[in-house]
A.B. asks: 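Take this structure, written in structure tokens, and hold onto it; I'll ask about it next.
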Amino acid sequence: MELRVQQARAIVHEINTVLPQKINLMNKDGIIIASTDPERIHTFHGGAARVIRENLDELRIYRENEYPGTRPGTNFMLQVEGVPIGVLGITGSYESILPIANVIRKGPAGRLPHADHDDVHRRHRLDGSYLPGLARTALISCT
């Protein structure tokens, strides 16, 4: 399953309604495909690339450009049936994003449920249980 740009935008928007920090969503190649900072879209995020490459659940970045194209924040793996599809990055100190980090981890840790392609189009959503009560409506399948 590929993370669609429309899905990524919806997830970023929904999370941003409750969390004021900058939010990025990167594809499995480490390219930012949705962001609250439009200037970062289509740029490479070295931290996300490492999360995917090393199959990490979470990666904290403490300094600007600690990895190419990064800022301080935390990055979380997004998966479908154990297969990485992207990385959710939230800019800011870990303490400032702790509430959402705990929700993501308990979700569990960005594991998106698999849905049959036709079923996704029929219902126009995925379950969203990886962010219960937060971004459930953001996992919209748009074609």
A.B. asks: Do Pro84 and Met77 touch side chain to side chain, with heavy atoms closer than 4.5 Å?
C.D. replies: yes
A.B. asks: Pair Glu66, Arg71 - check salt bridge (charged side-chain N to carboxylate O under 4.0 Å, His left out), show working.
C.D. replies: CA-CA 8 Å; Glu66 185 172 336; Arg71 297 180 182 162; over 6 Å; no
A.B. asks: Any donor and acceptor pair, going by atom type alone, linking the side chain of Asn27 with main-chain N or O of Gly30 inside 3.5 Å?
C.D. replies: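 Yes; judged by distance alone, with no hydrogens or angles, the pair exists.
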A.B. asks: Could you please spell out the steps behind the side chain to side chain donor-acceptor pair (under 3.5 Å) verdict for Glu58 and Thr74?
C.D. replies: CA-CA 7 Å; Glu58 179 180 310; Thr74 305; 5.3 Å; no
A.B. asks: Do Val83 and Val87 sit in the same hydrophobic cluster, where Ile, Leu, Val, Met, Phe, Trp and Tyr count as joined when their side-chain heavy atoms come under 4.5 Å apart?
C.D. replies: no
A.B. asks: Should Gln21 and Ile97 count as side-chain neighbours, where that means a heavy-atom distance under 4.5 Å?
C.D. replies: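 Result yes, sub-4.5 Å side-chain heavy-atom pair found.
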A.B. asks: Any side-chain heavy atom of Pro68 sitting closer than 4.5 Å to one from Phe44?
C.D. replies: yes
A.B. asks: If you measure from CD1 on Ile31 to OG1 on Thr43, what distance do you get to the nearest 0.5 Å?
C.D. replies: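 Those atoms lie 7.0 Å apart.
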A.B. asks: Asn75 pairs by side chain to side chain contact (heavy atoms under 4.5 Å, CB included) with which of Arg60, Met26, Arg50?
C.D. replies: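 The residue from Arg60, Met26, Arg50 that satisfies side chain to side chain contact (heavy atoms under 4.5 Å, CB included) with Asn75 turns out to be Met26.
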A.B. asks: For Glu54, I'd like to know if atom CD has over 12 heavy atoms of other residues, nucleotides or ligands within 6.0 Å.
C.D. replies: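 For Glu54, atom CD is crowded (more than 12 foreign heavy atoms under 6.0 Å).
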A.B. asks: Quick check for you: to the nearest 0.5 Å, what is the distance between Ile41 atom CD1 and Ile33 atom CD1?
C.D. replies: 9.5 Å
A.B. asks: Would you call Ile61 and His45 a side-chain contact if the rule is heavy atoms closer than 4.5 Å?
C.D. replies: yes
A.B. asks: Without hydrogens or angle criteria, can the side chains of Glu64 and Thr70 be said to hold a donor-acceptor pair below 3.5 Å?
C.D. replies: no
A.B. asks: I need the Gln79 CD to Ile52 CD1 distance, nearest 0.5 Å.
C.D. replies: 8.0 Å
A.B. asks: Please round to the nearest 0.5 Å and tell me the distance separating atom OG of Ser96 and atom CG of Leu19.
C.D. replies: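 Atom-to-atom, Ser96:OG and Leu19:CG are 7.5 Å apart.
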A.B. asks: Glu14 and side chain to side chain contact (heavy atoms under 4.5 Å, CB included): which partner among Thr17, Ile11, Asn16, Val12?
C.D. replies: Thr17
A.B. asks: Find the distance between CG (Leu78) and NZ (Lys28) and round it off to the nearest 0.5 Å.
C.D. replies: 13.0 Å
A.B. asks: So, do Phe76 and Val51 sit near enough that their side-chain heavy atoms are less than 4.5 Å apart?
C.D. replies: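 No, their side chains stay 4.5 Å or more apart.
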A.B. asks: So do Ile32 and Leu25 actually touch side chain to side chain, heavy atoms under 4.5 Å?
C.D. replies: no
A.B. asks: Between Asn24 and Ser35, does any side-chain donor sit less than 3.5 Å from a side-chain acceptor?
C.D. replies: yes
